[in-house]
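Comments concern the structure below.
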Amino acid sequence: MTDGEFGGAFRDVTGDPFDDALALANGTAPARLRSGAADGPYGARGTGPFAAGGNPGPGDAAGPHHPTGPESRRARPAGAPRPPAGHPATPWPAARETAGRAVPEPPEPGTAALGDALGRTLAAALTALTDLPSFDTSAMDGWAVSGPGPWRVARPAEEDAEPGPAAGILAGHATTEALPDGHAIPIATGARIPPGATAVLRSEHGEVLDLPDGRARLYAPRPVPPGQDIRPRGQECRRGDHLLPAGAVVTPAVLGLAAAAGYDELSVYPRPTVEVLVLGDELLREGLPEDGRIRDALGPMLAPWLRELGAEAAAPRHLADDADTLYEAVAGSTADLVVTTGGTASGPVDHVHPTLRRLGAELLVDGVAVRPGHPMLLARLAPRRHLVGLPGNPLAAVSGLLTLAEPLLRSLAARRPAAPYRAPLAAAVHGHPHDTRLVPVAYRDDERHGLVATPLHFHGPAMLRGIAAADAMAVIPPNGAEYGAEVELLELPWPASWSAGWAAPGAPYDAAAPSGGPA
Ligand SMILES: Nc1nc2c(c(=O)[nH]1)N[C@H]1C(S)=C(S)[C@@H](COP(=O)(O)OP(=O)(O)OC[C@H]3O[C@@H](n4cnc5c(N)ncnc54)[C@H](O)[C@@H]3O)O[C@H]1N2
Ligand code: MOO
């Protein structure tokens, strides 16, 4: 991590406990402790927060993916010529919009068996193929009764005189015999109501008394209104009723509804296919980090995350830091989207840009004014095939996933954009002078504001500890947001409540008291 990466976010650290905690969490001392930062071990770094290594922002000379700080493993060797002046980074909202529009039309729809439709988008409205329920149904175990009571209970001859409903009409068994007025027959929940029945009396509400003539009579403590505990045919829908519009995502509940409504297969859009290429010779796939090598955190994270976004993602491929290997992997891929991790900067083994040039790819987004993740990129390999280059720092990669891959996959899967969601911040968050910040937050109930987004610690570009406890990423506009300010939230594709325990007040991930705003 560089001071630039951190300093922009907390440019005027004032000794506030929240900022200090975050500074420590991110391995960067608060301003008052680092007065000598400009003369660090690698020499003069300038005094501005982005003087070294950071994205200088639109209009500044160095581009976002031209690292100049010496901490970078891939930084230019000392004395190497500075990279040429770069273009301004794409503003964050524009980058998302470009990614969302990269694919002009939805793909060709097809049909899928119910078992293979989960997570896909309906290409046609779901209309009921049957009435639901498809017959008048008993809502309770008890007796189907006809007219006012008491009722003669129809019992099979071999039945003993045990009180309560005996075998009668069971679910899945139909009777066409009409129930005469003044008669009752035991019936199970879900069984078809016999013709002539006017209501159902629950088993716990009726009493069967044996008469001297050997017959049984059913009594109810109070009158039974007609229709009681009968689910009439078509109560939920009539055949042909519109149940869901085209464009709805097939969730487990949609699968259940479709099956109930008579479907064996659905008209859906195909899942976009994604190939994940993990770059970096320093990455280990098992065991503990050693000898300067670290565990690959992105391979295990990205494929399942992409699947949650509706994509079909195979296990990631790990590639050596070698230009030809990367070229061959991208050129040979047939996936709708190739996602690379690492190698987006301009160090000696950062091969993503040169590979894209060699492939003749069109760079749609090359650097985004967002922290973390500013070196992310989006390129068109062919009219409907794209590459998203995620930066290697793990939280920066998440930022790229949410900024570029998510909107692109949404249009490839013909999913509708999520309705924008906003909530007030539970603590002030300092902003970058030019760039948007994405900060992991957890939802919490607040006496004053209701549901609030609490910024989490451990949100440095190389850290996953914050996002792993988060419900969403808060979009912090340039210059920051005050306590209570409503900010846009990028929700994560899993239930928010999963992190609730982690983010409970007083838990280790709890942010310090709100700062910078009215209490
Ligand atoms: N002089 C400068 N250096 C850097 C700048 C800069 O502006 N000037 N930008 C920094 C930023 S911001 C980022 S982000 C990274 C982007 O670098 P790359 O996309 O080329 O990524 P790498 O150099 O390959 O890796 C960066 C970092 O992340 C670690 N990494 C990579 N892959 C994984 C993985 N699968 N799992 C866990 N960690 C991973 C890698 O070891 C490096 O530590 O550049 C900065 N440098
Ligand atoms: O801060 Mo970098 O932007 O880690 O992506």
Side-chain angles (χ1 to χ4, degrees), residues 1-9 26-28 40 42 45-46 49-57 60-78 80 82-83 86 89 92 276-285 289 292-303 316-321 326 339-355 366-377 388-404 432 434-439 459-464 467:
M1 181 182 313
T2 67
D3 280 355
E5 290 162 3
F6 180 73
N26 287 287
T28 308
Y42 301 106
R45 296 171 53 86
F50 292 92
N55 179 3
D60 286 359
H65 50 273
H66 295 145
T68 53
E71 297 92 326
S72 169
R73 186 176 53 78
R74 307 186 195 293
R76 282 177 302 118
R82 292 189 67 79
W92 182 79
V276 179
L277 305 176
V278 176
L279 316 179
D281 288 341
E282 75 279 28
L283 302 175
L284 296 169
R285 293 164 67 183
R293 300 185 72 196
I294 58 164
R295 280 291 295 274
D296 165 30
L298 296 177
M301 178 175 78
L302 288 176
R317 285 175 64 194
H318 291 78
L319 303 186
D321 277 329
L326 179 60
V339 172
T340 58
T341 68
T344 56
S346 53
V349 290
D350 289 335
H351 300 303
V352 175
H353 281 97
T355 299
D366 189 11
V368 176
V370 66
R371 300 292 166 144
H374 69 270
M376 66 179 76
L377 60 87
V388 166
L390 300 178
N393 277 328
L395 192 62
V398 170
S399 168
L401 187 71
L402 298 178
T403 301
L404 298 176
H432 182 278
H434 315 289
D435 295 357
T436 301
R437 286 188 65 207
L438 299 182
V439 176
H459 60 247
M463 297 178 180
L464 292 174
I467 188 78

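Each ligand, and each atom within it, is numbered from 1 in the order the structure gives. The analysis underlying the following values was restricted to heavy atoms, covering all of them including side chains, and did not include hydrogens, waters or symmetry mates.
In this comparison of L279, L283, V352, N393, the heavy atom closest to atom 34 (C) of ligand 1 sits on L283. Residue nearest to atom 33 (C) of ligand 1, selected from P289, G392, G280: G392 (by heavy-atom distance).
Separation of atoms NE2 (H353) and CG (L377) is listed at 5.0 Å; rounding is to 0.5 Å. Atom NE2 in H459 sits 11.5 Å away from atom CD1 in I467 (nearest 0.5 Å). Rounding to the nearest 0.5 Å places OG1 of T355 at 4.0 Å from CG of L326. In this structure, W92 CH2 and D435 CG are separated by 12.5 Å, a value rounded to the nearest 0.5 Å. Residue T341 holds its OG1 atom at 6.5 Å from CG of D296, rounded to the nearest 0.5 Å. Taking NE2 of H318 as the reference point, atom CG of L284 lies at 10.0 Å (rounded to 0.5 Å).
Look at R295 and you'll find a heavy atom under 4.0 Å from some atom of ligand 1. For the pair G343 and ligand 1, a heavy-atom separation below 4.0 Å is found. Residue H374 places a heavy atom less than 4.0 Å from ligand 2.
Those atoms of ligand 1 with a heavy atom of E282 less than 4.0 angstrom away are 31 (C), 40 (C), 41 (O). Close approach to N393 involves these atoms of ligand 2, each under 4.0 Å from a residue heavy atom: 4 (O). Close approach of ligand 1 to D296 is summarised as follows: ligand atoms under 4.0 Å from at least one heavy atom of the residue are 34 (C), 35 (N), 36 (N). Using a 4.0 Å cut-off to heavy atoms of A297, the atoms of ligand 1 that qualify are 34 (C), 36 (N), 37 (C). Set against the non-hydrogen atoms of P375, the atoms of ligand 2 under 4.0 Å away are 3 (O), 5 (O). In the vicinity of P461, heavy-atom distances shorter than 4.0 Å reach the ligand 2 atoms 1 (O), 4 (O). Taking every heavy atom of P391 and a limit of under 4.0 angstrom, the matching atoms of ligand 1 come to 14 (S), 19 (O).
Within the 4.0 Å heavy-atom criterion, neither part of S399 lies near ligand 2. The side chain of D350, and not its backbone, has at least one atom closer than 4.0 Å to an atom of ligand 1 (non-hydrogen atoms only; side chain from C-beta on). Counting heavy atoms under 4.0 Å from ligand 1, residue I294 touches it through the side chain alone.
Within the 4.5 Å cutoff, the side chain of L438 has no heavy atoms near those of the L395 side chain. Taking the side chain as every heavy atom from C-beta outward, R295 and R285 never approach each other to under 4.5 Å.
Checking side-chain atoms of T344 against main-chain N and O of L390 turns up no donor-acceptor pair under 3.5 Å. In this structure, the side chain of R371 does not engage the main chain of V439 through any donor-acceptor pair within 3.5 Å.
Of the polar atoms of G299, none of the N or O atoms is found under 3.5 Å from an N or O of ligand 1, judged by distance alone. Distances between N or O atoms of A396 and those of ligand 2 include no value under 3.5 Å.
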Before you tell me yes or no, could you show the steps for R293 and D281 under side chain to side chain contact (heavy atoms under 4.5 Å, CB included), namely the whole-Å CA-CA distance, both residues' side-chain angles and the distance that decides it to 0.1 Å? CA-CA 8 Å; R293 300 185 72 196; D281 288 341; over 6 Å; no

